[in-house]
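In what follows, a single structure is set out as structure tokens and then discussed.
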2 protein chains.
Amino acid sequence: MNTKLDLKKIEKISKALGDPYRLKIMELINKEKCALQCATIIDKFELSQSTISHHVKQLIDADLLIAEKDGRNASYQVNKEVFASYIKYLNSFGC
Amino acid sequence: MNTKLDLKKIEKISKALGDPYRLKIMELINKEKCALQCATIIDKFELSQSTISHHVKQLIDADLLIAEKDGRNASYQVNKEVFASYIKYLNSFGC
DNA sequence: TCGATATATCCAAATATTTCGATATATAAA
DNA sequence: TTTATATATCGAAATATTTGGATATATCGA
């Protein structure tokens with residue numbers, strides 16, 4: 001595990017984290033012990049459902065979130081693996 | 001040291017890292033033992049001088065680079081402190 | 001001083017991202 | 001089976017980012 005990410009992927013992850021709503025969505029999901037439902041996210045922000053869906057998709061596309069579908073509900077959790085790999089890359093700059 | 005970064009700052013740093021050229025500029029500067037001159041960066045990429053200058057400015061504005069001016073030359077080095085703080089923030093997601 | 005060089009800034013065009021309303025899709029509930 | 005609910009996708013407008021040419025500024029060398 002702890003795959004080495006290529007530059008394209010690093011770029012995508014960084015871009016996904018470069019938006020205030022997406023950061024707040026990540027924090028919200030991270031606070032939950034277990035997976036968080038989409039409707040909960042929509043409740044918390046002054047954004048339309050389609051906009052939230054779009055932001056969540058970007059986080060999923062960057063592999064920062066893992067999505068799970070249960071019937072008509074979707075839930076998400078943080079992909080700790082990918083964060084670990086991203087941090088590993090950043091460590092070359094940090095220390 | 002190792003200041004806690006607010007969300008706005010995390011966003012700015014992530015955005016600054018969310019571009020292929022800026023990532024490559026960071027890597028280039030990081031590879032140098034000592035500070036890297038601007039002209040060297042310009043040589044390495046197929047981008048105009050003004051575009052490089054703009055990208056470097058964004059990295060400086062995000063505090064990822066420290067700029068030093070010596071006469072008409074400018075040189076840059078990685079701000080390890082800020083990287084460390086950014087990584088510290090990301091650790092809440094990673095493990 | 002005068003011309004050359006290094007970098008930064010200004011402006012505008014090209015491109016990408018964000019946002020929302022409308023609609024599609026799939027499932028649950030009546 | 002019909003209706004309601006949850007989420008995703010499409011299309012278009014608003015906004016932001018990227019890019020390069022032109023120019024400004026500051027300094028070095030002749």
Side-chain angles (χ1 to χ4, degrees), chain A residues 7-29 32 34-79, chain B residues 7-29 32 34-79:
Chain A
L7 254 208
K8 203 75 203 151
K9 185 83 192 198
I10 297 291
E11 181 198 337
K12 197 164 191 176
I13 292 172
S14 305
K15 207 171 276 182
L17 293 174
D19 176 274
Y21 290 111
R22 289 196 295 271
L23 279 175
K24 281 175 197 146
I25 291 170
M26 287 305 303
E27 292 195 343
L28 196 59
I29 293 172
E32 299 302 302
C34 41
L36 185 77
Q37 288 213 358
C38 189
T40 313
I41 302 171
I42 292 164
D43 287 348
K44 300 270 185 177
F45 299 99
E46 301 279 305
L47 286 177
S48 74
Q49 180 269 321
S50 67
T51 301
I52 297 279
S53 182
H54 166 80
H55 282 312
V56 169
K57 184 170 162 37
Q58 278 183 80
L59 292 166
I60 292 168
D61 287 351
D63 287 326
L64 292 174
L65 288 181
I66 298 166
E68 211 177 321
K69 200 113 201 214
D70 175 25
R72 60 185 165 173
N73 303 302
S75 59
Y76 312 101
Q77 53 183 124
V78 173
N79 189 344
Chain B
L7 254 209
K8 203 77 203 151
K9 184 83 192 199
I10 297 291
E11 181 199 337
K12 196 163 192 176
I13 292 171
S14 304
K15 207 171 277 181
L17 293 174
D19 175 275
Y21 290 111
R22 288 195 295 270
L23 279 175
K24 282 175 197 147
I25 291 170
M26 287 306 302
E27 292 196 343
L28 195 60
I29 293 172
E32 298 301 303
C34 42
L36 185 77
Q37 289 215 355
C38 188
T40 312
I41 302 171
I42 293 165
D43 286 348
K44 300 270 185 178
F45 299 99
E46 301 280 303
L47 287 177
S48 73
Q49 180 268 322
S50 69
T51 300
I52 297 279
S53 182
H54 166 80
H55 281 313
V56 168
K57 183 170 163 37
Q58 278 184 80
L59 292 166
I60 291 168
D61 287 349
D63 287 325
L64 292 174
L65 288 182
I66 299 166
E68 211 177 321
K69 200 113 200 213
D70 175 26
R72 60 186 163 172
N73 302 303
S75 59
Y76 312 101
Q77 54 183 123
V78 173
N79 188 344

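None of the values given here were measured: they were computed from a predicted structure. Letters go in sequence order (proteins before strands), and every chain restarts at 1. Hydrogens, waters and symmetry mates are skipped; everything else that's a heavy atom, side chains included, is used.
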A:Glu68 atom CD: more than 12 heavy-atom contacts under 6.0 Å:
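At most 12 heavy atoms, drawn from other residues, nucleotides or ligands, come within 6.0 Å of this atom.
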
Is the number of heavy atoms from other residues, nucleotides or ligands under 6.0 Å of B:Asp43 CG greater than 12?
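Yes - once you tally the heavy atoms of other residues, nucleotides and ligands closer than 6.0 Å, there are more than 12.
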
Going by modelled atom types, is there a donor-acceptor pair between the base of D:dG21 and the side chain of B:Ser48 at under 3.5 Å?
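In this structure, the two groups form no donor-acceptor pair.
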
Below the 4.0 Å mark, does [N] have OP1 or OP2 next to a side-chain nitrogen or oxygen of [X]?
| X | N | value |
| --- | --- | --- |
| B:Gln49 | D:dT19 | no |
| A:Thr51 | C:dC20 | yes |
| A:Lys15 | C:dT17 | yes |

Atom pair distance, as rounded to whole Å: [atom1] in [X] and [atom2] in [N]:
| X | N | atom1 | atom2 | result |
| --- | --- | --- | --- | --- |
| B:Glu46 | D:dT19 | CD | P | 13 Å |
| A:Tyr21 | D:dA16 | OH | C1' | 15 Å |
| A:Phe45 | D:dT7 | CZ | P | 15 Å |
| A:Glu68 | D:dA6 | CD | P | 18 Å |
| A:His54 | C:dA24 | NE2 | C1' | 18 Å |
| A:Lys69 | C:dA26 | NZ | C1' | 7 Å |
| A:Asp61 | C:dT17 | CG | P | 12 Å |
| B:Lys57 | D:dT25 | NZ | P | 16 Å |

Consider the side chain of [X], meaning its heavy atoms from C-beta on, and name the nucleotide among [options] that approaches it most closely.
| X | options | value |
| --- | --- | --- |
| B:Ala74 | C:dG21, C:dA8, D:dG20 | C:dA8 |
| A:Ser50 | C:dT7, C:dT18, C:dG21 | C:dG21 |
| B:Gln58 | D:dT18, C:dT18, C:dT7 | D:dT18 |

For A:Arg72 and A:Arg22, take the nucleotide of DNA chain C holding the closest heavy atom to each; which residue's nucleotide lies nearer the 5' end?
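This one resolves to A:Arg22.
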
Closest nucleotide of DNA chain C for A:Asn73 versus for A:Leu47: which of these residues is on the 5' side?
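On the 5' side of the pair lies A:Leu47.
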
May I ask you to test the B:Asp63-B:Lys9 pair for a side-chain heavy-atom distance under 4.5 Å?
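Sidechains of B:Lys9 and B:Asp63: in contact.
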
I'd like to check A:Tyr21 versus A:Ile52 (side-chain heavy atoms, cut-off strictly below 4.5 Å). Are they in contact?
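Side-chain contact under 4.5 Å: no.
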
Using purine N1 to pyrimidine N3 plus N6-O4 or O6-N4 for Watson-Crick, or N1-O2 and O6-N3 for G-U wobble, both under 3.5 Å, which nucleotide pairs with D:dG29?
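Checking every strand shown, D:dG29 finds its partner in C:dC2, with both distances under 3.5 Å.
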
Given the rule in the side-chain contact (heavy atoms from CB on, under 4.5 Å) test, do B:Thr51 and B:Phe45 qualify, once you have shown the distances and angles that lead to the verdict?
CA-CA 10 Å; B:Thr51 300; B:Phe45 299 99; over 6 Å; no

Under 3.5 Å, side chain of A:Ser53 to main-chain N/O of A:Gln49, donor-acceptor pair present?
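Judged by distance alone, no pair lies under 3.5 Å.
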
Under 4.0 angstrom, heavy atoms only, what part of the nucleic acid is [X] near: base, sugar-phosphate, or nothing?
| X | value |
| --- | --- |
| A:Tyr76 | sugar-phosphate |
| A:Ile52 | nothing |
| A:His55 | sugar-phosphate |

